[in-house]
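Working notes, beginning with the structure itself.
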Amino acid sequence: MARYNPKETEPRWRKAWSEADSFRAEMLPGKPKYYVLEMFPYPSGRLHMGHVRNYSLGDVIARFKRARGFSVLHPMGWDAFGLPAENAAMERGVDPKAWTYENIARMRDELKELGLSIDWSREFATCDVDYYGQQQALFLDLFARGLVYRKEGMVNWDPVDMTVLANEQVVDGRGWRSGAVVEKRKLNQWFLRITDYADQLTDDLTTLDRWPEKVRVMQENWIGRSRGLKFAFKFAGEAPAGFEDGLEVYTTRPDTLFGASFVGIAADHPLAEQAAARDPKAAAFIAECKKGGASQAEIDTAEKMGFNTGVVVQHPFDASRTLAVWIANFILMDYGTGAIFGCPAHDQRDLDFARKYGLSVTPVVLPPGEDPATFDVGGEAYTGPGTIFHSGFLDGLEIEPAKAAAIDRIEAQKQGEGATVFRLRDWGVARQRGWGCPIPVVHCAKDGVVPLPKSALPIALPDDLEFGKPGNALDRHPSWKHAACPVCGGPATRETDTLDTLVDSSWYFARFTDTKSPVPIDKAAADYWLPVDQYIGGIEHAVLHLLYARFMTKALADDGQVSVREPFAGLFTQGMVTHETYRRQSGEWVEPKDVEITVEGNTRRAKLIENGAEVTIGDVEKMSKSKYNTVAPEEIFGVYGVDAARLFVLSDSPPERDTVWSTAGVQGAWRFVNRVWEEFDSQPADAAAAVDGEAALAVRRATHKLTKQVTEAIDSFRFNSGIARLYEFLNLLKANPAEGASPAVLAARREALLTFARLIGPFTPHLAEECWTRVGGKGMVVEASWPEFDPALTEDAVRILPVQVNGKRRGEISAPAGAEPAEVEKIVMEDPEITRHLEGLTIRKVIVVKDRIVNIVAA
RNA sequence: GCGGCUAUGGCGGAAUUGGUAGACGCAACGGUUUUAGGUACCGUCGGGCAACCGUGGGGGUUCGAGUCCCUCUAGCCGCACCA
């Protein structure tokens with residue numbers, strides 16, 4: 001009996017699938033479709049364990065759905081524009097394009113080695129001129145619909161990457177890739193009107209019932225819809241220049257308007273700038289405010305500070321009441337109108353501010369049960385429910401009706417109106433980079449910004465960009481930017497900004513439905529395949545990519561290019577692959593492969609293989625090059641084969657959780673692979689057909705039960721549980737070996753093995769084929785249908801029922817499946833082991849849960 | 001601060017969704033094979049001598065709770081002076 005040899009079998013089966021073109025996706029009208037997509041990789045050049053896990057997860061679903069009769073689309077491509085290529089170019093003087101395509105070639109080989117059921121005929125990279133040319137067409141379509149605009153505005157500038165970033169790409173005040181502290185700069189920028197879709201993007205979250213709750217919540221918070229009132233205060237004296245219509249504020253608590261004691265404006269509010277112009281003290285205060293950091297810790301500890309501008313406004317409901325306008329450091333210019341009214345009694349920040357500057361604090365919401373004569377908020381603002389008081393026409397109302405009444409009154413006075421405000425800002429998409437999709441417009445001295453006609457597309461990147469120094473290589477190219485204006489024919493300058501790479505990934509899933517289409521999206525193909533039925537990727541894209549893709553889909557739907565309004569019907573966010581970290585005594589990181597672990601009792605120790613030096617075992621962390629805790633997939637493939645590696649990453653933890661890579665773990669998977677092969681190899685290929693007898697029936701029942709369990713486990717993303725059932729079943733087969741078995745058992749085993757080979761197909765596809773062939777399966781597993789189970793055979797004929805007395809387990813009995821309570825009770829009462837515990841007790845009640853359990857209540 | 005999630009043996013995790021807690025794997029321990037073993041195979045494996053006790057702590061509902069309710073604690077993730 002030969003040991004299983006993955007080095008020989010695995011490439012052979014991959015070749016067989018490839019030759020049979022097994023994974024080509026086809027539009028078959030009579031068949032249900034299923035589109036499985038994993039987030040496409042950035043071609044860094046090396047496959048890591050995170051990729052192995054991500055693509056193995058998707059492959060399980062793809063192979064499973066294919067076997068279940070779906071026409072499956074499971075494509076692969078490359079998110080290939082972006083800064084790493086430019087950095088490599090700058091550091092090593094290589095050409096970004098050549099560097100990227102070399103990386104793609106290497107990673108393609110590694111991915112193919114994983115044995116994924118991918119339709120490689122649909123492969124593309126976002127840096128293919130065909131793809132980004134189509135993206136330029138799409139950009140022009142959005143432009144024509146008024147969803148693209150240019151605006152001079154404050155933008156996030158990453159001084160290291162030397163480019164603008166979207167709000168979503170700034171994390172804790174730092175660039176998401178470079179980690180550099182982001183600066184504010186005033187630039188002329190390209191924006192997509194994602195805020196036009198803010199309502200839909202919020203509302204439609206409720207339709208995404210196969211998305212993780214967590215991601216929906218994160219998106220909802222990011223969009224940050226709030227409903228309230230926008231209105232303008234009239235000035236008590238003469239209105240400052242530019243404020244003839246008053247000072248506009250936004251509030252979600254119009255019900256507390258009578259509790260207002262001041263008006264606050266942001267330090268960069270135009271009115272504050274006016275104050276600074278005439279008063280050096282105001283200017284100094286504003287400068288002080290701007291110094292404050294944006295980090296979490298700094299905001300938490302920042303004290304409320306204010307500066308009274310001397311400007312005074314009138315209360316909208318009582319012109320005799322006036323409110324001073326303060327510049328305050330806790331008000332943000334880019335939310336709402338950059339100005340608020342302060343109601344200290346019912347807002348903690350306003351209260352802190354009022355206490356510091358001795359402003360009045362008037363409660364206007366009376367908590368239930370409080371005495372209006374004595375109620376006082378003290379040091380803590382009251383934000384709970386209650387009845388409005390001290391508030392003129394609002395007195396006696398509850399909060400919600402009071403909000404409505406206040407809005408009605410303001411609207412009647414023509415001072416403002418109910419308003420919805422979003423935290424979401426428009427998406428700044430221009431990047432000052434040379435390795436990206438050029439924006440297809442020109443700047444003409446006579447005609448201004450002119451979009452190019454589609455006939456001019458693609459606007460290809462020049463091949464001789466010079467990336468040796470920082471900054472935009474396109475901008476400094478000697479000739480590329482010179483173009484003719486399509487309107488007047490005169491000389492014009494090409495836009496040298498390129499599109500954010502997140503634009504590339506916001507529609508690639510639609511392009512996969514027809515990668516050869518002469519227009520961006522082939523409507524028929526998109527209508528057949530979209531939406532993506534199961535999308536799989538990391539949680540880190542919960543807001544960025546997933547929000548942009550949703551926006552793009554809605555925009556394209558409104559443009560008639562797709563029919564769906566949501567791109568991803570199901571989303572699964574998988575956990576990371578982690579590993580222990582190791583350090584020398586000197587503090588330097590050490591790679592796992594250089595470390596030997598020894599175990600004494602419950603204590604694990606590590607030392608260097610090289611010289612036995614003591615190594616400190618650190619935390620388990622995400623595999624990363626900087627922590628030296630990576631394990632190279634190709635080395636694992638070389639030792640244990642691809643199937644063992646796939647099996648381990650799928651079996652160890654539930655897919656949504658982080659999984660800890662361990663050599664011992666993959667060895668366990670490897671043992672399973674070998675045990676499976678042994679079992680198939682020991683089965684005579686020509687077993688008899690007769691299937692009866694007790695032992696044979698037991699094997700058959702177990703087979704059908706297994707089929708049911710594995711099917712359900714895959715359907716519900718509980719791959720680790722499904723694999724555990726497969727392990728269990730193998731143990732059972734070993735207990736009923738082929739050697740010396742009756743013809744009936746041999747036949748039952750044959751059925752079991754043919755089923756087993758198909759059930760392991762999604763997890764260990766190569767092993768599945770080898771096993772299937774060994775016991776005479778017809779064709780290949782990838783062509784075979786998923787095994788069906790007979791519900792009648794998934795249940796045991798005889799049930800072991802635990803018997804409890806007063807909730808404590810006192811024994812067990814055997815009863816036929818489906819036995820009636822009376823019948824079961826009779827068996828129980830004949831069991832001396834159980835009745836022993838009932839001596840001297842009176843039976844009050846006997847609870848029999850059919851096929852489950854018996855509980856006797858006695859006293 | 002707000003929102004979300006999690007807590008089960010030495011470890012990763014199961015538990016038919018209210019019905020035998022600890023499946024399956026890893027580690028450990030014992031054994032067999034082997035010239036040898038960081039191989040393979042077989043066995044043991046929550047705690048306790050036992051009655052019993054055990055799913056982060058406390059309380060509750062129930063014949064019965066890892067699962068439902070209340071409460072507390074710890075940890076993780078996301079967001080945030082958002083008006």
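Quick note on labels: first sequence line is chain A, next is B, and so on, each numbered from 1. Model, not experiment: these values are computed from the prediction.
- The gap from the C1' atom of rA40(B) to that of rA21(B) amounts to 33 Å, rounded to the nearest Å.
- Of the candidate nucleotides rU16(B), rU20(B), rG4(B), rU16(B) has the atom lying nearest to any side-chain atom of R852(A).
- Here V660(A) lies out of heavy-atom contact (under 4.0 Å) with every strand.
- For K304(A) and F353(A), the positive end is not near the middle of the six-membered ring at less than 6.0 Å and at most 45° from its axis.
- Under the Watson-Crick and G-U wobble criteria, each requiring two contacts below 3.5 Å, nucleotide rC2(B) is paired to rG78(B).
- Nearest nucleotide to the R423(A) side chain, out of rA80(B), rA23(B), rA27(B): rA80(B).
- Which of rC79(B), rG12(B), rC81(B) sits closest to the side chain of K304(A) comes down to rC81(B).
- Atom P of rA65(B) sits at a distance of 11 Å from the matching atom of rG19(B), rounded to the whole Å.
- Comparing rC82(B), rG4(B), rA14(B) by their closest approach to the side chain of P654(A) singles out rA14(B).
- For the residue pair D352(A) and Q348(A), a side-chain donor N or O sits within less than 3.5 Å of a side-chain acceptor on the partner.
- Residue I853(A) has its side chain nearest to rG19(B) when only rG12(B), rA83(B), rG19(B) are considered.
- Note on S651(A): nothing from the nucleic acid sits closer than 4.0 angstrom, heavy atoms only.
- For Y727(A), taking side-chain heavy atoms from C-beta onward, the closest of the listed nucleotides rA83(B), rG25(B), rG38(B) is rG25(B).
- Rounded to an integer number of Å, the gap from R810(A) CZ to rC63(B) P is 19 Å.
- Residue N731(A) has no polar side-chain atom (N or O) positioned under 4.0 Å from OP1 or OP2 of rA23(B).
- Judged by closest nucleotide on RNA chain B, R675(A) is the one of R675(A) and R253(A) placed further toward the 5' end.
- A donor-acceptor contact closer than 3.5 angstrom links the side chains of Y250(A) and S226(A).
- Counting to the nearest Å, the P atom of rG22(B) and the CZ atom of R809(A) are 9 Å from each other.
- A donor-acceptor pair shorter than 3.5 Å can be found between the side chains of N731(A) and R675(A).
- In this structure, N720(A) atom CG and rC26(B) atom P are separated by 15 Å, rounded to whole Å.
- The six-membered or imidazole ring of Y640(A) lies away from that of F648(A), with a centre-to-centre distance of 6.0 Å or more.
- The gap from the C1' atom of rG47(B) to that of rU33(B) amounts to 35 Å, rounded to the nearest Å.
- For rG48(B) and rG54(B), the C1' atoms lie 11 Å apart once the distance is rounded to whole Å.
- Comparing rC24(B), rC82(B), rC63(B) against the side chain of K845(A) picks out rC63(B) as the nearest.
- Comparing rU67(B) with rU8(B), their P atoms are spaced 13 Å from each other, to the whole Å.
- The nucleotide rC45(B) finds no pairing partner, because no Watson-Crick or G-U wobble arrangement with both distances shorter than 3.5 Å includes it.
- Judged by Watson-Crick or G-U wobble contacts below 3.5 Å, the nucleotide rC26(B) has rG10(B) as its partner.
- Dashed line: the shortest gap from a side-chain N or O of R671(A) to OP1 or OP2 of rU39(B) is not under 4.0 Å.
- Note that the OG1 atom of T578(A) and the CE atom of M623(A) stand 7.5 Å from one another [nearest 0.5 Å].
- For rU61(B), there is no paired nucleotide, since no Watson-Crick or G-U wobble pair has both relevant distances below 3.5 Å.
- Following rounding to the nearest Å, R657(A) (CZ) and rA14(B) (C1') show an atom-to-atom distance of 11 Å.
- In this structure, I331(A) reaches the bases: a heavy-atom distance under 4.0 Å links it to at least one base atom across the strands shown.
- Close to rA15(B), at under 4.0 Å from its OP1 or OP2, lies a side-chain N or O of R718(A).
- In this entry the distance linking CG of L730(A) with P of rC41(B) reads 10 Å, nearest Å.
- For Q348(A) and rC2(B), the CD to P distance is 11 Å, given to the nearest whole Å.
- Nucleotide rG54(B) forms a pair with no other nucleotide shown, judged by Watson-Crick or G-U wobble geometry with both contacts under 3.5 Å.
- For rU33(B), the O4'-C1' to base torsion is more than 90° from 0; the nucleotide is therefore anti.
- Nucleotides rC68(B) and rG18(B), compared at atom P, are 8 Å apart to the nearest Å.
- Note on ring orientation: taking the six-membered ring where Trp is involved, the planes of Y357(A) and W326(A) are tilted (angle from 30° to 60°).
- Here rG9(B) is in the syn range [glycosidic angle within 90° of 0].
- If you check every strand for non-hydrogen atoms under 4.0 Å, G224(A) touches nothing.
- Remark: rU39(B) base-pairs with no nucleotide in the shown strands. Criterion, Watson-Crick or G-U wobble with two distances under 3.5 Å.
- Going from atom CH2 of W670(A) over to atom P of rC26(B) covers 15 Å, rounded to whole Å.
- Applying the 3.5 Å distance criterion, the base of rA23(B) shares a donor-acceptor pair with the side chain of R725(A).
- T195(A) and D426(A) share a donor-acceptor pair across their side chains, judged by distance under 3.5 Å alone.
- For rA83(B), one of the phosphate oxygens OP1 or OP2 lies less than 4.0 angstrom from a side-chain nitrogen or oxygen of Y335(A).
- To the nearest angstrom, P of rU62(B) lies 13 Å from CD1 of I847(A).
- Within the 4.0 Å cut-off from OP1 or OP2 of rC82(B), at least one side-chain nitrogen or oxygen of R349(A) is found.
- Of the candidates rC81(B), rC63(B), rA83(B), the closest approach to any side-chain atom of F330(A) belongs to rC81(B).
- Judged by atom type and distance alone, N855(A) reaches the base of rC63(B) through a side-chain donor-acceptor pair under 3.5 Å.
- Residue side chain K808(A) does not reach the base of rC52(B) through any donor-acceptor N/O pair under 3.5 Å, judged by distance alone.
- Atom name C1', nucleotides rG57(B) and rA51(B): the rounded distance is 26 Å, in whole Å.
- Using a 30° and 60° split on the angle between ring planes, F756(A) and F680(A) fall in the tilted class, from 30° to 60°.
- Of the two residues contacting RNA chain B, namely N806(A) and N674(A), the nearest-nucleotide position lying further toward the 5' end is that of N674(A).
- Taking the P atoms as reference points, rG4(B) lies 14 Å from rC69(B), given to the whole Å.
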